[in-house]
Amino acid sequence: MIIVLSQKASGQEKDSLRRDLEKRGFEIHESQGKTTTIWGLVGDTSSITEDELLAYDSVKTVRRIKEAYKLANREAKPEDTVVEVSGRKIGGGYFQVIAGPCSIESQTQITEVAESIRQAGAGLLRGGAFKPRTSPYSFQGLREDGLQLLLEAKKATGLPIVTEIMRPDAIPLFEEVDVIQVGARNMQNFELLKELGKLRKPILLKRGLANTLDELLMSAEYIMAGGNSQVILCERGIRTFETSMRNTLDISAIPMLKKKSHLPVVVDPSHAAGLRFMVEPLALAAVAAGADGLMIEVHNDPARALCDGPQSLTPAMFSELMDKVKKLLPLSGKQMEQGE
């Protein structure tokens with residue numbers, strides 16, 4: 001349920017309304033706009049009527065949210081959410097590029113890639129330490145050792161880091177990680193999402209291979225219901241009947257998600273197609289469609305990569321792509337910040 005407060009409401013009237021609602025067991029999430037204050041009422045709203053709320057002088061209008069996701073809903077927060085990572089902003093007109101190898105393989109590899117993407121203009125470094133793989137015989141990542149190498153690359157370049165988590169009990173290992181990624185296979189790992197909701201750090205939530213946008217937003221709701229509002233949505237392609245590419249990038253998801261939700265939306269064109277030659281056109285299409293960021297796989301030697309080499313760009317290819325992204329961004333009304 002959404003409560004729009006009257007601009008004439010005094011602080012005392014607002015406090016009185018808040019106390020009454022909290023006594024009835026409701027949780028209040030406030031969104032402060034330039035001219036409007038909106039309260040999102042979370043709880044069993046069937047126990048209260050619109051007329052009861054409109055009886056308060058401090059209430060201007062009341063409406064119910066039909067969708068099951070309340071906090072992630074744009075009706076609850078009309079303004080875009082801006083997630084900030086070490087001075088780098090994502091959302092609300094701010095654009096960022098996350099880049100790096102699918103898997104961390106060695107100190108030389110991750111450091112070389114990190115430096116190359118920093119010089120090209122990327123704002124955050126990605127790298128997989130824990131890798132969920134379809135085959136049990138595939139490379140599963142360097143795990144804790146890989147995470148340590150990623151932290152060393154962060155110190156060497158100053159780039160904030162993004163890496164994937166797979167289990168709730170691994171959260172203590174991610175204390176120095178700037179953005180925790182929830183992969184497509186864990187999008188509906190609800191116990192993990194609940195634990196991430198207790199953190200106060202950005203979570204990059206990838207859409208599952210066969211999940212609807214509403215299911216993605218419900219997963220975001222799990223995190224936000226725990227008190228963590230710093231959620232970044234990621235469209236990474238869905239499984240369709242098409243077999244000529246790994247997945248099908250759902251470009252239409254970008255404007256639809258931005259209509260349904262206030263959360264920033266980034267696009268991963270590398271996993272979408274799984275083919276190197278398609279990464280650039282899909283990335284540029286995502287920028288044109290209004291994405292708030294890109295997530296690109298970059299490897300200094302893709303032919304020898306232990307994971308996802310066929311979809312990884314070389315540093316030179318990534319630099320060329322970044323030049324094109326920077327030229328296109330002004331047309332999309334967004335700007336890129338390098339941060340601290």
Check your understanding: What are the two closest heavy atoms between Gln311 and Leu275, and how far apart are they?
Key -> CB-N, 4.0 Å
Check your understanding: Quick check: does any side chain N or O of Asn186 sit under 3.5 Å from a backbone N or O of Asn189, one acting as donor and the other as acceptor?
Key -> no
Review point. What do the steps show when you test Glu297 against Arg126 for salt bridge (Lys or Arg N to Asp or Glu O under 4.0 Å), and what is the final call?
Key: CA-CA 8 Å; Glu297 290 196 353; Arg126 63 148 292 162; 3.6 Å; yes
Point to revise | No-hydrogen, no-angle side-chain donor-acceptor test under 3.5 Å, Gln109 and Ser106 | key: no
Review point. Could Arg19 and Glu22 be called an ion pair, given the rule that one side-chain N must be under 4.0 Å from one carboxylate O?
Key: no
Practice item. Indicate, with yes or no, if Ile203 and Phe190 share a hydrophobic cluster defined by side-chain heavy-atom contacts under 4.5 Å among Ile, Leu, Val, Met, Phe, Trp and Tyr. Key: yes
Practice item. Measure the shortest side-chain to side-chain distance between Met322 and Val97 over non-hydrogen atoms and say whether it is less than 4.5 angstrom. Key: yes
Practice item. Verify the neighbour count for atom CD of Glu215: are there more than 12 heavy atoms of other residues, nucleotides or ligands below 6.0 Å? Key: yes
Study note, to complete from the structure: Closest heavy-atom pair, Phe318 versus Leu313, reported as atoms and distance to 0.1 Å, is CA-CD1, 4.1 Å
Point to revise | Within-4.5 Å side-chain heavy-atom neighbours: Glu112 and Thr108 | key: yes
Practice item. Without swapping roles, check the side chain of Thr37 against the backbone of Gln32 for a donor-acceptor pair under 3.5 Å. Key: no
**Study point:** Side-chain donor-acceptor contact under 3.5 Å, His29 with Glu27
**Key:** yes
Revision key, fill the gap. Minimal heavy-atom distance between Val231 and Pro264, with the atoms involved, is O-CD, 3.5 Å
Review point. Under 3.5 Å, is there a donor-acceptor pair between the side chain of Gln181 and the main chain of Gly183?
Key: no
Check your understanding: Are Val179 and Ile171 connected in a single hydrophobic cluster, I mean Ile/Leu/Val/Met/Phe/Trp/Tyr linked by side-chain heavy atoms less than 4.5 Å apart?
Key -> no
Review point. Looking only at side chains, do Asp214 and Thr212 share a donor and an acceptor under 3.5 Å apart?
Key: no
Review point. About how many Å separate CD1 of Ile254 and CG of Leu233, when rounded to the nearest 0.5 Å?
Key: 11.5 Å
Review point. When you look at Thr248 and Arg239, which way does the side-chain contact (heavy atoms from CB on, under 4.5 Å) test go after all the steps?
Key: CA-CA 6 Å; Thr248 299; Arg239 184 168 290 167; over 6 Å; no
Check your understanding: Looking at Ile110 and Leu149, what are the two nearest heavy atoms and their distance?
Key -> CG2-O, 3.9 Å
Review point. With distance as the sole criterion, is a donor-acceptor pair present between the side chains of Lys77 and Thr81 under 3.5 Å?
Key: yes
Review point. Hey, what do you get for CG (Leu204) to CD (Gln230), rounding to the nearest 0.5 Å?
Key: 12.5 Å
Review point. Counting distance only, does the side-chain N/O of Lys154 pair as donor-acceptor with the main-chain N or O of Glu176 below 3.5 Å?
Key: yes
Point to revise | Heavy atoms from other residues, nucleotides or ligands near NZ of Lys326 exceed 12 (cutoff 6.0 Å) | key: yes
Check your understanding: So does Lys70 pair up with Glu221, basic N to acidic O under 4.0 Å?
Key -> no
Review point. Should we count CD of Gln12 as having more than 12 external heavy atoms under 6.0 Å?
Key: no
**Study point:** Pair Glu152 + Lys155: basic N to acidic O under 4.0 Å
**Key:** no
Point to revise | Pro160 side chain near Arg88 side chain, heavy-atom distance below 4.5 Å | key: yes
Revision key, fill the gap. Correct closest heavy-atom pair for Leu213 and Ala253 would be CD2-CB, 3.7 Å
Exercise for review: Applying salt bridge (Lys or Arg N to Asp or Glu O under 4.0 Å), run through Glu30 and Arg18 and close with a yes or a no.
Suggested key: CA-CA 11 Å; Glu30 182 174 304; Arg18 182 185 289 273; 3.2 Å; yes
Review point. With the threshold set at 4.0 Å, does a side-chain nitrogen-carboxylate oxygen contact exist between Lys201 and Asp178?
Key: no
Review point. Is it the case that one hydrophobic cluster holds both Leu196 and Leu71, taking links as side-chain heavy atoms less than 4.5 Å apart, direct or via other members?
Key: yes
Practice item. Please check if atom CZ in Arg64 has more than 12 non-hydrogen atoms from other residues, nucleotides or ligands closer than 6.0 Å. Key: yes
Review point. Is it the case that Thr157 and Glu115 place a side-chain donor and acceptor less than 3.5 Å from each other?
Key: no
Review point. Does the pair Met295 and Val162 meet the rule for a side-chain contact (heavy atoms from CB on, under 4.5 Å), with working shown?
Key: CA-CA 10 Å; Met295 192 172 190; Val162 182; 4.3 Å; yes
Exercise for review: For residues Ser10 and Glu13, determine if any side-chain heavy atom of one lies less than 4.5 Å from a side-chain heavy atom of the other.
Suggested key: yes
Review point. Is the backbone N or O of Asp44 less than 3.5 Å from a side-chain atom of Ser47, with the two atoms forming a donor-acceptor pair by type?
Key: yes
**Study point:** From CA spacing to verdict: side-chain contact (heavy atoms from CB on, under 4.5 Å), Trp39, Ile2
**Key:** CA-CA 6 Å; Trp39 285 3; Ile2 299 297; over 6 Å; no
Review point. Do Asp57 and Lys8 sit within salt-bridge range, that is, some charged N less than 4.0 Å from a carboxylate O?
Key: no
Point to revise | Ile117 reachable from Leu284 in the ILVMFWY side-chain graph, under 4.5 Å edges | key: yes
Point to revise | Whether Arg200 side chain and Lys198 backbone form a donor-acceptor pair below 3.5 Å | key: yes
Point to revise | Ion pair Glu105/Arg304, N-O distance below 4.0 Å | key: no
Revision key, fill the gap. In short, Ala184 meets Leu209 closest at the heavy-atom pair CB-CD1, 3.5 Å
Exercise for review: Please assess Glu164 against Lys206 for the test salt bridge (Lys or Arg N to Asp or Glu O under 4.0 Å), listing each intermediate value before the final yes or no.
Suggested key: CA-CA 10 Å; Glu164 183 172 353; Lys206 285 197 166 188; over 6 Å; no
Point to revise | Under-4.0 Å salt bridge between Arg74 and Glu79 | key: no
**Study point:** Exam field: side chain Asn228 to backbone Pro202, donor-acceptor pair closer than 3.5 Å
**Key:** no
**Study point:** Check: Asp292 side chain, Val265 main-chain N or O, donor-acceptor pair, under 3.5 Å
**Key:** yes
Point to revise | Note, Leu193 side chain near Leu205 side chain (heavy atom, < 4.5 Å) | key: yes
Practice item. Report yes or no: does Ser58 contribute a side-chain atom to a donor-acceptor pair with the main-chain N or O of Ala9 at less than 3.5 Å? Key: no
Point to revise | From CA spacing to verdict: side-chain contact (heavy atoms from CB on, under 4.5 Å), Leu53, Ile3 | key: CA-CA 8 Å; Leu53 292 169; Ile3 301 173; 4.0 Å; yes
Review point. Looking only at side chains, do Asp51 and Thr49 share a donor and an acceptor under 3.5 Å apart?
Key: no
Review point. CD/Gln107 to CD/Gln148 distance, rounded to the nearest 0.5 angstrom?
Key: 9.5 Å
Check your understanding: Any side-chain heavy-atom pair from Asp268 and Ile98 closer than 4.5 angstrom?
Key -> no
Practice item. Is it possible for you to say whether Ile296 and Leu124 belong to one hydrophobic cluster, with membership spreading through side-chain heavy-atom contacts below 4.5 Å? Key: no
**Study point:** Side chain proximity check, Ile38 to Leu5, heavy atoms < 4.5 angstrom
**Key:** no
Review point. Do Ile90 and Val82 come close enough that some side-chain heavy atom pair is under 4.5 Å?
Key: no
Review point. Does Arg276 use its side chain to pair, donor to acceptor, with the backbone of Ser312 at less than 3.5 Å?
Key: yes
